[in-house]
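In listed order, ligands and their atoms are each counted from 1. Nothing here was measured: the structure is a model prediction, and the numbers come from that model. Positions are given from 1, in the same order as the sequence printed here.
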Amino acid sequence: MSQTCGFVAIVGRPNVGKSTLMNRILGQKISITSRRPQTTRHQVMGIKTEDETQFIYVDTPGMHIMSKDRNKAINRFMNQAATQALRDVDCVVFIIDRTRWTEEDQAVLKRLEHVKAPVILAVNKVDRLGEKGDLLPWLAEVGARRDFAAIVPISAKHGTQVDTLEEEVAKHLPESVHFFPEDQITDKSLRFMAAELVREKVMRQLGDELPYQMTVEIEEFRETERVTHISALIPCRATGAESYFDW
Ligand SMILES: Nc1nc2c(ncn2[C@@H]2O[C@H](COP(=O)(O)OP(=O)(O)OP(=O)(O)O)[C@@H](O)[C@H]2O)c(=O)[nH]1
Ligand SMILES: [Mg+2]
């Protein structure tokens, strides 16, 4: 049997569950998640190889409407990262949060207008759907907004129907040799993952006290035979300290 392999962009507004979905599909934490919007800042690849099929998922920062606030540079950077992921992909998974359609979802849909690759709509967080009867009419309504290749209600958190979504994605992967070795699961280094995990813990533990202008720099990453020594610096921007950050 011939091999198939392709890139699959996971897009949507902040906080809809893109990274949770990628981790669920991969069966491990590749991309950090939190209750706060704008958790993902960089594109992260999650690679899944099953027999002759290789899926290369690209988790993206949430696309959002840019405000004229102090975070302008990072907003622009994150939107660009998300848009770039749409070039040359074989399939797009567009995620929304249940039946809550916002201006930002509309903006993402607009950005998908020129995308030639098939777009699958994943209606996420159905585990938290209040009125289950609202779903069917909503699927019909949202389905009229674009010619989606498929519409799949899922719960990324609990895994509901995620296998159905993967089957839909697999239909659009072209015949190709695999780009990555079978056992590789991401394009990111251990050092990057360490920084991301620290950032996730800070975001989760500090909640509302956390300033958005926070980053993590790994100062030491030293692997010895049994222990890896990691030290991280967590700069937080105070007023007047803008120049410290390159974003
Ligand atoms: N109940 C429920 N919660 C979910 C589901 N999927 C994601 N979440 C929660 O939604 C929040 C946001 O999830 P993320 O995966 O970080 O969302 P994201 O789209 O990657 O967000 P950004 O990276 O900020 O754009 C987290 O608290 C998740 O636990 C789901 O299927 N059901
Ligand atoms: Mg994310």
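- For the pair V115/F94, no side-chain contact is recorded, criterion being any heavy-atom separation below 4.5 Å from C-beta on.
- Contact check for L190 versus F221: side-chain heavy atoms found under the 4.5 Å cut-off.
- Side-chain atoms of T60 and Q43 include no donor-acceptor pair closer than 3.5 Å.
- Around the Mg ion (ligand 2), protein N, O or S atoms at less than 2.8 Å comprise S19 OG, T40 OG1.
- For CG of D163, the number of neighbouring non-hydrogen atoms (other residues, nucleotides, ligands) closer than 6.0 Å is greater than 12.
- Looking at every heavy atom in both residues, V16 comes nearest to D97 through CG1-N, 3.9 Å.
- Crowding of E103 atom CD: a count of heavy atoms from other residues, nucleotides or ligands under 6.0 Å not exceeding 12.
- A distance limit of 4.0 angstrom between heavy atoms and ligand 1 selects the residues P14, N15, V16, G17, K18, S19, T20, T33, S34, R35, R36, P37, Q38, T39, T40, G62, N124, K125, D127, R128, S155, A156, K157.
- The backbone N or O of A156 lies less than 3.5 Å from no partner atom in the side chain of K125, so there is not a single donor-acceptor pair.
- E166 pairs in a salt bridge (Lys or Arg N to Asp or Glu O under 4.0 Å) with only one of the listed residues (R24, K171, K48), which is K48.
- Salt bridge annotation for D105-R13: present, with a cationic side-chain nitrogen under 4.0 angstrom from a carboxylate oxygen.
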